Amino acid sequence: GAVVSQHPSWVICKSGTSVKIECRSLDFQATTMFWYRQFPKQSLMLMATSNEGSKATYEQGVEKDKFLINHASLTLSTLTVTSAHPEDSSFYICSARDSSGRADSPLHFGNGTRLTVT
Amino acid sequence: AQSVTQPDIHITVSEGASLELRCNYSYGATPYLFWYVQSPGQGLQLLLKYFSGDTLVQGIKGFEAEFKRSQSSFNLRKPSVHWSDAAEYFCAVGPYTGTASKLTFGTGTRLQVTL
């Protein structure tokens with residue numbers, strides 16, 4: 001089945017540094033990928049929609065300069081948390097859908113990245 | 001705006017007992033409905049989905065869900081729970097159109113299975 005690989009699975013960084021998270025669709029092409037953030041014991045909150053070859057679409061309240069998204073190819077989207085602060089610590093999950101699939105083909109999720117900012 | 005409500009934050013059942021996780025949704029058009037399962041520190045795995053047709057859908061791992069339009073519900077069921085089913089379960093709703101789906105998730109129900 002379709003696989004979405006997310007890397008790294010966990011990362012610890014110092015406050016003020018930037019962290020890049022990769023999301024790859026391994027056996028399908030995805031013109032659109034989604035980035036979610038999940039706080040402990042809470043649901044997933046959609047942060048932004050990553051569009052291949054164009055700018056990402058951010059949800060209300062999400063700082064686009066803080067969370068940089070690049071979708072340079074049909075199989076790779078990256079989320080960069082810039083100038084990270086402890087409040088950015090969270091679980092980040094990406095998802096993607098096969099662009100060539102049926103309209104009802106489901107989203108596939110990566111295994112998430114646990115970010116801890118010290 | 002679309003929304004999903006999962007009334008039960010935490011449920012505990014004995015292994016072998018039946019399970020029903022509740023999900024109510026609000027959506028202005030024909031919805032896509034999904035159930036996902038998340039193990040600790042992991043991403044989400046799709047259990048089943050409903051788009052149209054038969055309102056009782058079968059999924060993986062012995063799960064099923066029934067779409068009831070009149071009640072705006074999409075409850076997840078399993079006749080006999082296994083200890084490995086302990087996880088977080090999310091119900092989600094999305095638009096019935098397009099090649100990309102922005103899903104809205106419920107707050108999740110944590111399932112604990114006692115032996």
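These figures come from a predicted structure and were not determined experimentally. All chains are named by letter (A, B, ...) in the order of the sequence lines, taking the proteins before the strands, and each is independently numbered beginning at 1. Basis for what follows: all heavy atoms, side chains included, without hydrogens, waters or symmetry-related copies.
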Measuring heavy-atom distances to chain B, does Leu44(A) have an atom under 4.5 Å in its side chain, in its backbone, in both, or in neither?
-> both

Quick one: what part of Gln6(A) sits under 4.5 Å from any heavy atom of chain B, side chain, backbone, both or neither?
-> neither

Check the pair Gln38(B), Phe91(A) against side chain to side chain contact (heavy atoms under 4.5 Å, CB included), reporting the backbone distance first and the verdict last.
-> CA-CA 12 Å; Gln38(B) 184 182 34; Phe91(A) 193 59; 3.6 Å; yes

Backbone of Ser43(A) reached by a side-chain donor or acceptor of Thr107(B) within 3.5 Å | no

Between atom CG of Asn111(A) and atom CG of Leu44(B), what is the distance when rounded to the nearest 0.5 Å?
-> 9.5 Å

Taking atom CG of Leu46(B) and atom CG of Leu107(A), what is their separation to the nearest 0.5 Å?
-> 9.0 Å

Hydrophobic cluster membership, with links at side-chain heavy-atom distances under 4.5 Å among I/L/V/M/F/W/Y: are [X] and [Y] in one?
| X | Y | answer |
| --- | --- | --- |
| Phe28(A) | Phe109(A) | no |
| Val4(A) | Leu115(A) | no |
| Val19(A) | Ile93(A) | no |
| Phe105(B) | Phe51(B) | yes |
| Leu48(B) | Ile60(B) | yes |

Step by step, would you call Leu103(B) with Tyr36(A) a side chain to side chain contact (heavy atoms under 4.5 Å, CB included)?
-> CA-CA 10 Å; Leu103(B) 298 186; Tyr36(A) 290 84; 3.7 Å; yes

From the list Arg114(A), Glu59(A), Met45(A), the residue making the most non-hydrogen contacts under 4.5 Å with chain B is Glu59(A)

For Lys66(A), does the NZ atom have more than 12 heavy-atom neighbours from other residues, nucleotides or ligands under 6.0 Å away?
-> yes

With a cut-off of 6.0 Å (strictly less than), are more than 12 heavy atoms of other residues, nucleotides or ligands near NE2 of His7(A)?
-> no

Kindly indicate whether the side chain of Gln38(A), heavy atoms from C-beta on, has any atom under 4.5 Å from the side chain of Phe90(B).
-> yes

